[in-house]
Chemist: 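The structure is given below, and queries will be raised subsequently.
Along the sequence shown, the residues carry numbers beginning at 1. Quantities reported herein were computed from a predicted structural model and do not represent experimental measurements.
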Amino acid sequence: MLVPSPASPVKVSVVGERADRPPEKPGGKWRGVSLGGWLLMEPGPAKELFRRFPDEQGHEARCEWELMENLRRTTGGLDALREHRETHITIEDFRKIRAMGLNAVRIPFGYWAITGPSRDDPYEGPAMEYLDRAMDWAEECGLQVLLDLHGCPGGESGEAPCGRRQRPPQSTWQWRRWRFSETLRIINIVAERYQGRRCVTGFAVCNEPSPEVPSDVLSRFYDRAVKTVRNAGMGALRVSIVLPVFQRSLEKFVGQWELQLQGRVHENICFEVHWYHCFENHWHGLTFAQHLRAVQSHAEELRRYPLVVGEWSLALGCGAQPGKVSKEGMRALFAQAQLAAYDEASYGWFFWTWNDQHGIDWDWRESYAAGYLKLNETAGDLVEIPPRSPTDEDDPLELLFDSPACDPMVRMGDTVYLRAFNGRYLDVEGSTVRARYGDRGKWQQFTLCPCESSQASAETVQDGDVVCLLSHNGRYLGVYGETVEARERRMAAQCVFVAHVDSSSPEARHRSPIFLQSLTTSKVLAPNEGGSGGQDRIVARWSDFGEWQRLVLEKPLSTVVTPRRPRRRSSFPGLVTPVGQGRRLSGSSGTASVRRRASSSTGNEAAPSTPLRKRRKSAPTTRSDGSDGSRFASPVKRRRASRSDELKRPTTPVCKSSRGAACVGATPLQLRCGFPLALHGTPATARSRRSSAAAARLVVAAC
């Protein structure tokens, strides 16, 4: 059932204005569903067949190629294939599709269904009698048909949707393996056979071509394919030709297409996009509100070009977690938003797929029966999304679905979650630190601890602050070589991190992007993406401040039970009163002196003591170079300090630079030739800090 909107936002439609739209498809836009898993089998819609026929080790096949190898060495395997083709889609399905208010079906098929397999391919075909039946059923039920050549000879990619999955490192596929001339022959056979069928109103000449195929090569193939379809008798007045644009810039490809045509015009063609919100790390890293904003941007793109949304579903990335709205409510809003946005497509849309055993998010029948896919509302009535101003610090849409229990500011002593770029939250099991799950539970909770007793436990965390992370099992996160583990029950030098807030405000808030940089190694925490030893492990291997290293700091919702915030400095294990002007950190590797940002008070007069913060009254430390060390916030970011000031680290050797000046080692990140991180007096913003760190490495190398 549908769940009402969680609030009453400003009435702004997801689709926006309708000015300067491309011309619509002749005969009306498609509003249809794909018949996946029928004449090209994939593990989702044909899951039962994949489950019944595993390989010799008991593993399920990942594509039709592997499935056919299993079927051919199994008694009765080919009989099971024929039964699948006879029963997976019938005329009853066509009747139900029409009764649900849809007007079209998209029929994916492999080239082997037309001519049989070529060379040594294990496929079974031809199987054109099933396509013939589909034409009869479509004409009887009043449905349009989009013929979709889903698997080309040689494969238009190395992925399972083209028939054979060939991913690295075992992959042998490259774009030159795609046999273009043979593909054009298949297109010609199909176009000639069905050019007289009134139900056929579209022809997609391939599916999801790899981005490795050069754009000029793909454009030339499309030009030839359009001519082939037209010459076979499918005229421009009735049949639209669909040209897929997959995992590449639509704007750039349209420019390449126009360059290929050189002023010529192909009538009644459109480009095809597939918009899934559940694949790749980018989509996994988005919140639900960000997914809805992405749908808004899709609507804007649909108003610019002649497009059909050839595939979409209700599946979301793991970062879209329930908050104020339940998972069912999120699904309803997501479905409504997509229906409203894709109504902007000048050629329409097709849902993937009609029946799929991966669940309701992929199965039109289930989603429709549950009330998520409503086709009788107008686009403006489906969903309303509040606008966002460029000056907004927080997206008002985020506040509708997921906001912290009280104020959004992140303070020392708060319980927080750390979401990695792939949408998974850092968790601790024993001493192992990983990012495995998209939900927020006890194992994902951390307490932000000050690493100095001079820091108040309720003080707001700011850019450049030095912090420690206490996990749910009472152990601190630490860096040991390149490994991040939760070993220590008392603060140690390996457990100290510098928090870099990557936003316009220096103060950390709920959902602020941050980088956590080890004070001892200068490396930044990140998932072990692409590395050995488990991709979900957290490591400190790189000094970069890039997408992989970016974490999102989140506070719990009001419904989440979290540890009570420590209100006394002694509540943090290992936190002791500093000796003299430094802060001593216990640890097996020795001690390190860490200093936090200077007080905002002026002069040498201390501020009054409070239960949360005690001020020290002492004279400023005079360094050997005459600078006032008490003005420094941390070894990484200085606050209100002049460019000539430096932080003394006597354990670091002194060298000579090309300028002839002594290079005093401050930290692994500070320039060692007398220049702080903010070069030439530039404020140390998140971006300038990172560029300065890169410059630091160059200067140190020169020394």
Chemist: side-chain contact (heavy atoms from CB on, under 4.5 Å), that's the test. Do Leu469 and Leu426 meet it? Break it down for me.
Modeler: CA-CA 11 Å; Leu469 293 168; Leu426 272 63; over 6 Å; no

Chemist: Show the numbers, then the answer: is there a side-chain contact (heavy atoms from CB on, under 4.5 Å) between Arg475 and Glu488?
Modeler: CA-CA 5 Å; Arg475 297 178 180 179; Glu488 310 293 341; over 6 Å; no

Chemist: Of all residues at least two apart in sequence or in a different chain, which pass the ring pair (Phe, Tyr, Trp, His ring centres under 6.0 Å) check with Tyr425?
Modeler: none

Chemist: Between CD of Gln494 and OG1 of Thr521, what distance do you get to the nearest 0.5 Å?
Modeler: 10.0 Å

Chemist: Measuring from Cys495:SG to Arg490:CZ, what's the distance to the nearest 0.5 Å?
Modeler: 11.5 Å

Chemist: If you compare all heavy atoms of Gly441 against all heavy atoms of Tyr417, which two are closest, and at what distance to 0.1 Å?
Modeler: O-CE2, 3.6 Å

Chemist: Is the Phe515 ring parallel, tilted or perpendicular to the Phe545 ring (thresholds 30°, 60°)?
Modeler: perpendicular

Chemist: Can you name the one residue among Arg436, Arg419, Arg440 that meets salt bridge (Lys or Arg N to Asp or Glu O under 4.0 Å) with Asp427?
Modeler: Arg436

Chemist: Hey, what do you get for NZ (Lys523) to CG (Asp544), rounding to the nearest 0.5 Å?
Modeler: 8.5 Å

Chemist: What's the shortest heavy-atom distance between Ala289 and Phe401, and which atoms?
Modeler: CB-CD1, 4.1 Å

Chemist: Identify the two heavy atoms, one from Ala337 and one from Val295, that lie closest to each other, and give their separation to 0.1 Å.
Modeler: O-CG1, 3.5 Å

Chemist: Between Val552 and Arg511, which heavy-atom pair has the shortest distance, and what is it?
Modeler: CG1-CA, 3.7 Å

Chemist: If I take atom CD from residue Gln338 and atom CG from residue Leu292, how far apart are they, to the nearest 0.5 angstrom?
Modeler: 9.0 Å

Chemist: Who pairs with Tyr276 by ring pair (Phe, Tyr, Trp, His ring centres under 6.0 Å), at least two apart in sequence or on another chain?
Modeler: Phe279, Trp362

Chemist: Applying side-chain contact (heavy atoms from CB on, under 4.5 Å) to Glu485 and Arg537, what does each step give before you reach the verdict?
Modeler: CA-CA 9 Å; Glu485 294 185 348; Arg537 291 293 298 268; 4.0 Å; yes

Chemist: When rounded to the nearest 0.5 angstrom, what is the spacing between CG in Leu316 and CD in Gln321?
Modeler: 10.0 Å

Chemist: Measure across Val428 and Ala486 and return the closest heavy-atom pair with its distance rounded to 0.1 Å.
Modeler: CG1-CB, 3.9 Å

Chemist: Is the backbone of Lys442 close enough, under 3.5 Å, to the side chain of His472 for a donor and an acceptor to pair up by distance?
Modeler: no

Chemist: Would you find more than 12 non-hydrogen atoms of other residues, nucleotides or ligands less than 6.0 Å from Glu280 atom CD?
Modeler: no

Chemist: Do Thr520 and Ser518 have a side chain donor and acceptor closer than 3.5 Å?
Modeler: yes

Chemist: Nearest 0.5 Å, what's the CD-CG distance between Glu507 and Asp465?
Modeler: 10.0 Å

Chemist: Apply side-chain contact (heavy atoms from CB on, under 4.5 Å) to residues Glu301 and Trp275 and explain how you reach the verdict.
Modeler: CA-CA 12 Å; Glu301 196 166 36; Trp275 279 329; 3.3 Å; yes

Chemist: Check Arg424 with Asp536, please: is the shortest side-chain N to carboxylate O separation under 4.0 Å?
Modeler: no

Chemist: Using the ring of each side chain (for Trp, its six-membered ring), is Trp548 parallel, tilted or perpendicular to Phe421, with breaks at 30° and 60°?
Modeler: parallel

Chemist: On a heavy-atom basis, which atom in Gln549 and which in Gly546 lie closest, and how many Å separate them?
Modeler: OE1-N, 3.0 Å

Chemist: When you compare the side chains of Gln296 and Arg293, does any donor N or O come within less than 3.5 Å of an acceptor on the partner?
Modeler: yes

Chemist: Tell me whether His284 contacts the main-chain N or O of Cys318 through its side chain, where contact means a donor paired with an acceptor under 3.5 Å.
Modeler: yes

